[in-house]
Amino acid sequence: MVERLISEYSVEPARVDFTAKSRTPISETTIRPRTGYSSQRVSGQEFSVIVPYTGDPALLRYQATTSRLNAPPRASIVEDKQHLLFYIQAPKITPEYVSQRIAAMERELTDRLQWAANDVQAWEHHLRIDVTRAVQARKDLLDHAEELSAVLDIPLAPAPESQQIPIPIRRKTLRVQPASPSPGRDDPRMAEDVYEDVVRTISGMSRSLERLPKAALKLGEEGIRDLLLIVLNANYEGAVRGEVFDYNGKTDILLNWQDRNVFIGECKMWGGQRKFNDAIDQLLSYAAWRDTKAALLLFIQEGNPTEIIKKADAAIRAHAAFQIAAPSAEPDLRQDYLMRSPTDRERYIKMAFLPVVVIPPQ
């Protein structure tokens, strides 16, 4: 923690590179003479010298504890292009005058930046001491809170309902009911309220994993699947057997009814758009009834989560099985789609897409 904070708040010394200098074309201008007391401007010449720099540009403006009595050099800082720009002006510019002005500017900047670097070095020494002291004090306080919590006989209040992953003593019964009557067919479907409850349970578990990204990454896809199976089977029971949620070695979470899948769950780590498309294809291949429910969990372990979620959404919408997307108030947490089975146009899959960000802190 100490090293991370020092790295985050340390300052990179600024340096100028006069060996890579360049200039603008010479142009005509009016200038104020450097000698005499006349305020009248006269015709002259000017051009700009461009000098690249590296490091923190704030140090170029910094007044170091060491300084000269003369005024600091005048130059413009162009931060987006990381260079300095200063003018050379004279009634008639000569090569000797240009060399003198550039040498004087280089000397002034080099000295002042070295003085600033000395101040930074001294400051970072104190920064390490202060950060180490603050982190140690915080750790001592947390350790004390843990020790105190262990000896208190007052029970903890429950976490907010939105953060709970309920594992009830009496499990809920999953209802699989007939779909809309169709001559010669008896296709069942998972009750809508049960499906929403299952998705909420999975989503709650996912939010918990987001708060522990390192633990989630250590578990991997299979470990996360097993954890979800434990939570789901602790929450729900079926009409025939206790362990209603299972996996078959190819897909992650299955609710099977009369040898067909009524609910399908897939857990995938983001590995690019092609692998994500493969996950969609795999999920769709398990649609057995006309009204199958599904959840696709995407674990994002690196990269820009917002951009990856947008790419995943675009991949689903571009898929040949895509039918329609439901409006989502929180697209970063859940998006819902209706997909058509690739093998039977009368079979549909209602799919909840649940992105889970498990990027560990740097």
Side-chain angles (χ1 to χ4, degrees), residues 2-132 134 302-307 310 362:
V2 169
E3 294 305 321
R4 185 180 71 80
L5 289 171
I6 289 174
S7 174
E8 183 176 349
Y9 291 103
S10 62
V11 178
E12 182 184 355
R15 295 181 177 85
V16 288
D17 184 7
F18 273 79
T19 62
K21 63 183 177 294
S22 58
R23 67 172 177 86
T24 60
I26 300 170
S27 61
E28 295 181 352
T29 187
T30 56
I31 61 174
R32 194 184 305 277
R34 290 179 172 272
T35 58
Y37 297 96
S38 173
S39 61
Q40 185 177 0
R41 302 179 71 88
V42 299
S43 298
Q45 298 173 312
E46 72 171 9
F47 64 87
S48 300
V49 178
I50 302 165
V51 181
Y53 71 85
T54 57
D56 193 331
L59 294 178
L60 296 167
R61 305 183 182 91
Y62 174 73
Q63 176 63 57
T65 53
T66 304
S67 62
R68 292 194 180 98
L69 292 177
N70 62 312
R74 297 177 62 85
S76 300
I77 303 171
V78 186
E79 291 191 19
D80 59 335
K81 296 182 179 179
Q82 285 197 297
H83 66 232
L84 298 174
L85 186 146
F86 63 92
Y87 293 101
I88 291 183
Q89 294 178 331
K92 191 173 184 180
I93 298 175
T94 64
E96 294 77 17
Y97 179 70
V98 171
S99 298
Q100 291 172 7
R101 291 278 292 120
I102 291 177
M105 179 64 79
E106 183 175 7
R107 183 173 59 253
E108 280 290 327
L109 285 173
T110 302
D111 289 348
R112 290 174 184 274
L113 290 177
Q114 183 57 56
W115 296 334
N118 294 341
D119 286 357
V120 167
Q121 187 175 9
W123 174 78
E124 288 188 338
H125 172 71
H126 291 291
L127 174 68
R128 178 172 291 277
I129 294 172
D130 292 342
V131 167
T132 302
E302 60 183 358
N304 185 318
T306 301
E307 292 302 316
K310 287 180 180 177
Q362 298 298 319

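Side chains are part of it too, since the values below use all heavy atoms of this structure and drop only hydrogens, waters and symmetry mates.
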Identify the heavy atoms of D56 and A14 that sit nearest to each other, and give their distance.
O-CB, 3.6 Å
Nearest-0.5 Å distance, CD of residue Q100 to OG1 of residue T94
7.0 Å
Grab the two heavy atoms, one from P13 and one from L59, that are nearest each other, plus how far apart they are.
CA-CD1, 3.8 Å
To the nearest 0.5 Å, what is the distance between OG (S10) and CG (L5)?
11.0 Å
Checking side chain to side chain contact (heavy atoms under 4.5 Å, CB included) against K81, which of V78, L85, I77 comes through?
V78
Do I102 and I88 have side chains that get closer than 4.5 Å, going by heavy atoms?
yes
Rounded to the nearest 0.5 Å, the CZ atom of R15 sits from the CG atom of L60 at a distance of 12.0 Å
Can you list the steps and then say if M105 with V49 is a side chain to side chain contact (heavy atoms under 4.5 Å, CB included)?
CA-CA 10 Å; M105 179 64 79; V49 178; over 6 Å; no
Using only heavy-atom distances, determine whether the side chains of D119 and Y62 contain a donor-acceptor pair under 3.5 Å.
yes
More than 12 non-hydrogen atoms from neighbouring residues, nucleotides or ligands closer than 6.0 Å to CZ on R74, yes or no?
no
Nearest-0.5 Å distance that lies between atom CZ in R68 and atom CH2 in W115:
4.0 Å
Where do T24 and F47 come nearest, in terms of heavy atoms and distance?
O-CB, 3.5 Å
Kindly say whether E3 contributes a backbone atom to a donor-acceptor pair with the side chain of S7 at under 3.5 angstrom?
no
Minimum heavy-atom separation for G55 and Q82, please, with both atom names.
O-NE2, 4.4 Å
Value rounded to 0.5 Å, distance of OG in S48 from CZ in F86:
9.0 Å
If I compare all heavy atoms of Q63 with all of T66, which pair ends up nearest, and what's the gap?
NE2-O, 4.4 Å
Start with the C-alpha distance between D17 and T54, add both sets of side-chain angles, then the distance that settles side chain to side chain contact (heavy atoms under 4.5 Å, CB included), and finish with yes or no.
CA-CA 8 Å; D17 184 7; T54 57; over 6 Å; no
Is there side-chain contact between L109 and L84, with heavy atoms separated by less than 4.5 Å?
yes
Test your reading of the model: is there a side-chain donor-acceptor pair from Y97 to the backbone of Q89, 3.5 Å cut-off?
yes
Do other residues, nucleotides or ligands put more than 12 heavy atoms under 6.0 Å from the CD atom of E307?
yes
Would you name the heavy atoms of Y9 and W123 that are closest together and state the gap between them?
O-CH2, 3.4 Å
Check whether any side-chain heavy atom of H83 sits under 4.5 Å from a side-chain heavy atom of S22, and report yes or no.
no
For side chain to side chain contact (heavy atoms under 4.5 Å, CB included), just list the numbers for I31 and V42, CA-CA rounded to whole Å, side-chain angles, deciding distance to a tenth of an Å, and then say yes or no.
CA-CA 5 Å; I31 61 174; V42 299; 4.0 Å; yes
Near E124 CD, under 6.0 Å, is it more than 12 heavy atoms from other residues, nucleotides or ligands?
yes
Between E46 and R101, does any NZ, NE, NH1 or NH2 come within less than 4.0 Å of an OD or OE carboxylate oxygen?
no
State whether R4 and E8 are salt-bridged, where the test is any N-O pair (Lys NZ or Arg NE/NH1/NH2 against Asp/Glu carboxylate O) under 4.0 Å.
yes
